[in-house]
Q: 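Below is one structure. I have some questions about it.
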Amino acid sequence: MSADRNQEELLSSIVLILEEHLGEEYQGKLKRDTNLESVDIESIDMVEIVFNIEDKYDINVPLEEVAGAVTVGDLADRLAKILEGQKQA
Amino acid sequence: MVHAGRRVVISGLGVVSSIGKTVADAWSSLENGTSGVSEIEGHETAKLNFSRGGQINDFDPYQTLEHREITQMDRFSQMAVVAAQEALADAGLSDELADPGTGIILGTASGGQETLDDGFQNIYGKNKARLNPLTVARFMPNAAASHVSMKFGVTGPSFTICTACSSSNHAIGQAFHAIRAGDLDRAVTGGSDCPFSWGHMIGWSSMHVVAPDLCRPFDTNRNGMVLGEGAGILVLELETAARARGAIIYGEVVGFGMSADAGSIMQPSAEGAARAIRGALNDGHVEPDRVSYINAHGTGTRANDPAESTAIRSVLGDAADRAAVSSTKPAHGHGLGAAGAFEAIVSCLATSRGVLPATLNCEDIDPECDLDVITGDAREAEVDVVLSNSFAFGGLNAVLAFQRYG
């Protein structure tokens, strides 16, 4: 249960970061299955989004481990793995 | 050298300044003698030796730009793009922008100062090891020109000139020469600067050249300049093309002169300035007695104003008695890299409307500034040729000459 809640919190955080990056018109519109390309997220956007995530969680996110993320949920899952990995380290 | 056939005119104007975020509002302020200088907000100015500046507190890029454009730009780029939007709409250019004969030449003294300042605060103040990945792309001085190119699809020769307070004059002058020589058919030119970041202001405070109270160019009691932010953009094009499409023509650029003082990094040289003024007149084959108005560099510092006055006298001789002079820096602030652009816009409108703005706060003209300085109210006058002076730190001088069109 706690792990699910953590996942949900992580997803909400990422959605917030994405909304801030994309602007007001995207507020409330991003869901777990939202395709990142469909909201015009390009590689330069991903670099900035990753920076904001690194800043928020005080972690290091190798860009190549998230660059292939297809959906918002996919991005959250990849970050969860990285967070888990860095916690254990 | 005579450049037969290729006359260059100004067909579009755009501005973001403390006296108006449109050209109409800015000109109205100048006619009415309104200053945009006020108490600087957002900083502990008690730690500086000045507290006032031409800050644009209600600048909202969201009125013109998209969120994702804005996040890629420092404030100095945002203002340049917004001013360019006004200028290009004013000029009525659209398809022509993609033509390879369209270029962008902008000036800036310091580029993305706010981004740089934020970055330093994060690194040195908060010990951060990383910065926003767009930091370099935001502060690089060419960013404004790049964003204007991206926003309006301009693919011709585009670059940025960085010569402190002369940046915009150099940019406009280069654009003028390029069109006259046939290297360009039209240009988006001017400049932008946003100096109100903390570190930058400490630098200025440390130089003791910013007035603790008011900027009073040419006044006996003048005690310094006032900083200002913003952007000024002009559209320059071939006179034949502008006329053919029925564009409004604000005036004609006829001359551009440049020089270097080869003297001091901070103190101006009357001789160096005179060479740039003479250069502008010679370039345009303009006799000194045709000069009706000079928009002076007129910073209000102890050093600049008498040196500039001497320079003007030495070039114009007796004709200086008939050339009205004013500095509009007390109104819009010293725009640094945008100064020349602000003042070129003022010069164009003074030429086309026959109204010469006054020098605010000048009440007692210094005898060492032996010129017809306009004080009090704006003055109506029939204008033939206007000079606009810029004399930068480091002794890099640039002077533009405009003449009334039609």
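Letters A, B, ... mirror the listed sequences (proteins, then strands); counts begin at 1. Source: prediction; values computed, not measured.
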Q: Distance from B/Thr71 atom OG1 to A/Asp45 atom CG, nearest 0.5 Å?
A: 8.0 Å

Q: For B/Gln121, does the CD atom have more than 12 heavy-atom neighbours from other residues, nucleotides or ligands under 6.0 Å away?
A: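 Atom CD in B/Gln121 is crowded, with more than 12 foreign heavy atoms closer than 6.0 Å.
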
Q: What residues of residues 90-110 of chain B make heavy-atom contacts with chain A at a cutoff under 4.5 angstrom?
A: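 Answer by number: none.
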
Q: For residues 18-34 of chain A, give me every residue with a non-hydrogen atom less than 4.5 Å from any non-hydrogen atom of chain B.
A: A/Glu20, A/His21, A/Leu22, A/Gly23, A/Glu25

Q: Select one option (side chain, backbone, both, neither) describing which atoms of B/Ile70 are under 4.5 Å from chain A's heavy atoms.
A: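 Neither part.
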
Q: Which bit of A/Asp40 comes within less than 4.5 Å of chain B, counting heavy atoms only: side chain, backbone, both or neither?
A: both

Q: Considering only NZ, NE, NH1 and NH2 on the basic side and carboxylate oxygens on the acidic side, decide whether A/Asp55 and B/Arg130 come within less than 4.0 Å.
A: no

Q: Should we count CD of B/Glu39 as having more than 12 external heavy atoms under 6.0 Å?
A: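 For B/Glu39, atom CD is crowded (more than 12 foreign heavy atoms under 6.0 Å).
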
Q: Look up atom CG in B/Leu134 and atom CZ in A/Phe51, then write down how far apart they are to the nearest 0.5 Å.
A: 10.0 Å

Q: Nearest 0.5 angstrom please: B/Arg68 CZ to A/Ile41 CD1, how far?
A: 6.5 Å

Q: Taking atom CG as the centre, does A/Asp58 end up with more than 12 heavy-atom neighbours from other residues, nucleotides or ligands that are less than 6.0 angstrom away?
A: no

